[in-house]
Amino acid sequence: VANPIVESTHIRYLLQRKSAVNINVINMMGVKIRTLVNQDAMPADAYAILWDGLSEDNTIAPSGIYILQVQAVSTLGDGHFSANYKVVKE
């Protein structure tokens with residue numbers, strides 16, 4: 001993730017197992033403003049998604065600090081990953 005984000009950014013991630021994946025953008029008040037990925041079963045592979053700086057209602061998210069919330073759970077039940085990354089949007 002490029003930091004700070006001016007208009008948009010690509011988010012790259014690697015799944016080592018088939019997994020359920022959720023990636024959300026959360027504002028500093030703890031409110032989810034955008035769901036970027038919500039998949040029940042993604043094959044093991046490398047991925048890249050784009051956050052275009054918009055919220056769920058397609059309005060431009062204001063400048064500020066956001067949390068990129070990433071969660072992946074193996075569909076076999078043998079692995080779990082969860083992380084939060086701070087992103088600054090200008």
Side-chain angles (χ1 to χ4, degrees):
V1 176
N3 226 347
I5 297 169
V6 177
E7 291 183 13
S8 65
T9 189
H10 283 91
I11 299 148
R12 293 170 180 30
Y13 59 101
L14 174 67
L15 297 177
Q16 296 182 354
R17 295 177 174 86
K18 184 176 180 181
S19 300
V21 178
N22 290 295
I23 301 177
N24 298 301
V25 180
I26 311 294
N27 69 18
M28 292 307 291
M29 307 244 325
V31 176
K32 178 173 65 173
I33 66 154
R34 183 79 182 264
T35 298
L36 300 176
V37 178
N38 183 16
Q39 295 290 324
D40 289 334
M42 295 182 74
D45 204 348
Y47 295 89
I49 57 167
L50 174 73
W51 180 35
D52 53 11
L54 300 179
S55 62
E56 290 288 3
D57 62 2
N58 286 322
T59 59
I60 297 171
S63 298
I65 298 172
Y66 293 88
I67 301 298
L68 187 65
Q69 183 183 66
V70 180
Q71 296 176 327
V73 178
S74 167
T75 57
L76 299 176
D78 61 349
H80 179 267
F81 175 82
S82 181
N84 293 322
Y85 302 96
K86 183 168 63 171
V87 178
V88 177
K89 182 177 182 295
E90 294 186 339

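Although no hydrogens or angles enter the test, the distance criterion places no donor-acceptor pair under 3.5 Å between the side chain of Lys32 and the main chain of Asn24. Although no hydrogens or angles enter the test, the distance criterion places a donor-acceptor pair under 3.5 Å between the side chain of Ser74 and the main chain of Leu76.
One finds the CE atom of Met28 at 5.0 Å from the CD1 atom of Ile67 (value rounded to the nearest 0.5 Å). Atom CG of Leu50 and atom CD1 of Ile11 lie 7.5 Å apart (nearest 0.5 Å).
Under the salt bridge (Lys or Arg N to Asp or Glu O under 4.0 Å) criterion, the residue pairs touching residues 14-23 are Arg17-Asp78, with sequence neighbours excluded. Screening residues 65-90 for ring-ring contact (aromatic ring centres under 6.0 Å, His included), with sequence neighbours left out, gives Trp51-Tyr66. Evaluation of the salt bridge (Lys or Arg N to Asp or Glu O under 4.0 Å) test over residues 33-45, restricted to residues two or more places apart or in two chains, returns Arg34-Asp52. Contacts classified as salt bridge (Lys or Arg N to Asp or Glu O under 4.0 Å) and involving residues 60-71 (residues at least two apart or in different chains) are not found.
Environment of CD1 in Ile49: crowded, with over 12 heavy atoms of neighbouring residues, nucleotides or ligands closer than 6.0 Å. Residue-environment remark: CD (Glu7) stays at or below the threshold of 12 foreign heavy atoms within 6.0 Å.
For the residue pair Ile33 and Ala61, the shortest heavy atom distance occurs at CD1-CB, 3.9 Å. Considering all non-hydrogen atoms of both residues, Pro62 and Lys89 come closest at O-CD, 4.0 Å.
Other members of a hydrophobic cluster containing Val73 are absent, since no ILVMFWY side chain comes under 4.5 Å of it, directly or through relayed contacts.
Residues forming a side chain to side chain donor-acceptor pair (under 3.5 Å) with Glu56 (at least two apart in sequence, or on another chain): Thr35.
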